[in-house]
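Below is one structure, written out as C-alpha cells; comments come after it.
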Amino acid sequence: DTGISVRKRVIKILRDICIEQPTFPKITEMCVKMIRRVNDEEGIKKLVNETFQKLWFTPTLHHDKEAMTRKILNITDVLLKSEEDASYKPVKKACTQLVDNLVEHILKYEESLSDSDNKGVNSGRLVACITTLFLFSKIRPQLMVKHAMTMQPYLTTKCSTQNDFMVICNVAKILELVVPLMEHPSETFLATIEEDLMKLIIKYGMTVVQHCVSCLGAVVNKVTQNYKFVWACFNRYYGALSKLKSQHQEDPNSTILTANKPALLRSLFTVGALCRHFDFDQEDFKGNSKVNIKDKVLELLMYFTKHSDEEVQTKAIIGLGFAFIQHPSLMFEQEVKTLYNSILSDKNCSVNLKIQVLKNLQTYLQEEDTRKKVAKQEDLKEMGDISSGMSSSIMQLYLKQVLEAFFHNQSSVRHFALNVIALTLNQGLIHPVQCVPYLIAMGTDPEPSMRNKADQQLVEIDKKYAGFIHMKAVAGMKMSYQVQQAINTCPKDPVRGFRHDESSSALCSHLYSMIRGNRQHRRAFLISLLNLFDDTA
C-alpha cells in the first residue's frame, strides 16, 4: 500500500546494492522482495524488469567463473525462496551462458548428493537449477536443444522424496519443449524417452502422469509418430475401466471393486490424460475400426461420475475435463450439461466436486487461450475464430452457475469461480455487463487477493464500457449483501458493510471510488440507496 514514488526509491536502492555489492549476505532476500513487485503498476513493473535485466541477463566476463557461479546461485536461491518467478526478455549471450552453466552445476550437485551432510540443501539446489532451466526452456527452448541428451537420464531418478518427483516433472516439461526442435535425434534416444515416460506413467501418481503424458504427446505427435505404442497403453487402461464397469453393474457392493479401487482411480485419470493429448479417433490409432472412441470414453467416464464413492466421482470428472480439452464439443452433450450444472447449483453437493468442475472449466479456457495465441503466431486467424466461437458458446451454457458459485461459504469455491470468470472476460467470450454485479459482490470478499482480482476486472470493464459500473451498482450492492450472508459463519452476528484492518473501510469502497468521479452517477447511486429506505414509496 506504500506510494509508487516511495516503492520506486526503495527498489532503486536495493538494485544499486545488488549490482555494486554482489557478495552482500542479504542479496537473495532483497531480490525476492523486488521480484514480488513485478505485478505492480507499469512504472514499478518496468523498473523491476530493468533491474533483473541488468542483474541476471548481462553477459559475464568469460574468465570470471566466480561471478558466474554467484549469478547462478542467486537465481536458484531466489527461485527457491520466491513463490513464483517472472519471465524476463533475455540477452541471448547471457542466457546461453546461464543455461550452459546451470547444466554444468546440475552435474556437480548430483555428485555432491552422496555427501549426506548437505543432501537436503543440494537436493533443493538441484530442483531449483532444473526448474530454472525449465523456465528458460519456456522462453527460448532452443537454448536447451544441445542439453536434451544430458537431461534424459533424469527421467529414471529413483523417487523417494518430493524433490525427486519435482526433478522428474521438470525434466519431462523441458523435454516436451525441446525434443521437437532437435534435428535428426537418434532413434535410440527417442525410444529410451518413450519407454522411460511409459514406465513413469504406469508407476507414479497424478502429477507425474500428467507431465509424462504431456511430454509423450509432444514426442509421439511431433517426432516419432509411434502411435501403436500409445494405443497399447490407452487400451490397457480403457480395457481395465470397461471391466470394472461391468463388475460394478453386476454387483455394486462387490469386494472385488473395493480391492481394485486404486486401479480404478489410476485408470480414470490416465484414460482422461491420454485423451487430452491424443485423438484416438484418428486412423493412425484405431485403424479401420468404425467405433467412435471419444463417445465410448465419454460413456465410460460418465458412468463413474454416478458412483457412490466421492473419490471415484472426482477422478471421473478430472478424466472428463481432460477429454473435453481435446474434444470441446462434448461439453454440449445434455448429460454433461446436467452433470456440471447440477454439481455447481446444488447447495448440498460436495465442495470437492464443485471445485473440480470449476477447475475443468478453468483448464479448458487456459488451453484455448494458448491455442489462440499459437494460431495468431502462425497466422491461422480462421482457426482462432472458430475456437473462440466454440469457447463462447460453451461458457454461455455454464455462466450462470459459475457466477452463482460466488455465493458459496467456502473461499476455495469462490476462488475458482472468480478465475473462470476472469479468463472468460479476458478472452472476450461473453458480454461483461451480466458479470458486473457479481464482480462488485466479490470485491467485498474477506481475502485480499480475491477482492483485488474482482476490482481489477471492474476497472478493465469501466475502461472499455463507460457507465456499465454505475448502471449495475445497486444490483451489485444487493449481491454484496448476499455474498456476506453466505460467508457469515455465525448466523447470530449481523452482516456488516465494513471491515476492520489498519483503517476501517467500507466493503464497497472500491465501487464508490469508481462512481464518485462523475457527479451525475454519484448522485444517482446515492439517491437509489436512500430510496431503499423510503417508507412512503
Side-chain angles (χ1 to χ4, degrees), residues 1 4 39-42 45 358 362 365 391-392 395-396 398-408 411 413-487 495-499 501 503-534 537:
D1 294 328
I4 189 166
N39 291 320
D40 285 15
E41 299 89 336
E42 269 317 307
K45 189 185 288 188
L358 291 167
Q362 176 182 298
L365 290 169
S391 309
S392 179
M395 287 320 298
Q396 295 291 353
Y398 302 107
L399 183 67
K400 188 176 188 302
Q401 282 72 17
V402 174
L403 287 168
E404 293 293 324
F406 284 180
F407 304 127
H408 201 279
S411 67
V413 175
R414 300 196 303 276
H415 167 80
F416 284 107
L418 183 57
N419 282 357
V420 171
I421 295 303
L423 284 164
T424 307
L425 289 169
N426 292 342
Q427 291 178 37
L429 302 178
I430 54 166
H431 198 289
V433 72
Q434 53 204 317
C435 298
V436 169
Y438 292 92
L439 290 168
I440 291 169
M442 276 305 285
T444 69
D445 198 278
E447 292 194 21
S449 62
M450 281 203 266
R451 60 176 182 260
N452 290 346
K453 193 168 190 172
D455 290 349
Q456 204 176 347
Q457 291 297 323
L458 288 172
V459 169
E460 291 300 317
I461 291 168
D462 196 43
K463 274 185 206 166
K464 290 179 191 170
Y465 308 94
F468 270 20
I469 309 301
H470 155 67
M471 189 167 67
K472 294 289 183 181
V474 176
M477 289 287 283
K478 289 177 180 176
M479 279 193 184
S480 300
Y481 182 78
Q482 284 176 266
V483 165
Q484 292 306 311
Q485 266 188 318
I487 293 169
V495 172
R496 293 294 185 198
F498 57 89
R499 76 172 61 87
D501 37 33
S503 60
S504 293
S505 58
L507 295 180
C508 289
S509 59
H510 182 260
L511 168 67
Y512 186 66
S513 72
M514 292 181 76
I515 289 170
R516 71 181 174 198
N518 181 311
R519 189 179 174 198
Q520 195 181 348
H521 287 175
R522 184 179 69 216
R523 286 177 68 87
F525 174 60
L526 293 172
I527 288 166
S528 298
L529 290 181
L530 286 170
N531 284 345
L532 297 172
F533 299 93
D534 185 355

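For Gln484, the side-chain contact (heavy atoms from CB on, under 4.5 Å) partners at least two apart in sequence or on another chain are Thr444, Ile487, Val495, Leu507. Residues forming a side chain to side chain donor-acceptor pair (under 3.5 Å) with Asn452 (at least two apart in sequence, or on another chain): none. Not a single ring pair (Phe, Tyr, Trp, His ring centres under 6.0 Å) links Tyr481 to another residue, sequence neighbours left out. Ser505 meets the side-chain contact (heavy atoms from CB on, under 4.5 Å) test with Arg499, Asp501; sequence neighbours excluded.
Note: Leu358 CG to Leu418 CG = 11.0 Å, rounded to the nearest 0.5 Å. For the atom pair CG (Leu526) and CD1 (Ile515), the distance works out to 8.5 Å, reported to the nearest 0.5 Å. For the atom pair CZ (Phe407) and CE (Met442), the distance works out to 10.0 Å, reported to the nearest 0.5 Å.
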Side chains of residues 459-469: which donor-acceptor partners sit under 3.5 Å, not counting sequence neighbours?
residue, atom, partner, partner atom, Å
Glu460, OE2, Lys463, NZ, 3.4

Distance-only donor-acceptor hits, side chain of residues 423-441, under 3.5 Å, sequence neighbours excluded:
residue, atom, partner, partner atom, Å
Thr424, OG1, Val420, O, 2.7
Asn426, ND2, Ala422, O, 3.1
Gln427, OE1, Lys372, NZ, 2.9
Gln427, NE2, Leu365, O, 2.9
His431, ND1, Val433, N, 3.3
Gln434, NE2, His431, O, 3.0
Tyr438, OH, Glu404, OE2, 2.9

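Sorted by first and then second residue, the salt bridge (Lys or Arg N to Asp or Glu O under 4.0 Å) pairs with a member in residues 503-531 form an empty list; sequence neighbours excluded. Sorted by first and then second residue, the ring pair (Phe, Tyr, Trp, His ring centres under 6.0 Å) pairs with a member in residues 506-532 read His470-His521; sequence neighbours excluded. Counting only residues at least two apart or on different chains, the salt bridge (Lys or Arg N to Asp or Glu O under 4.0 Å) pairs with a member in residues 436-454 are Arg414-Asp445. The salt bridge (Lys or Arg N to Asp or Glu O under 4.0 Å) contacts involving residues 473-484 comprise nothing, where partners must be two or more places apart or lie in separate chains.
Gln457 is not listed as a side-chain neighbour of Ile421, based on a closest heavy-atom distance of 4.5 Å or more.
A pairwise comparison of heavy atoms in Ser528 and Val474 identifies CB-CG2, 3.5 Å as the closest pair.
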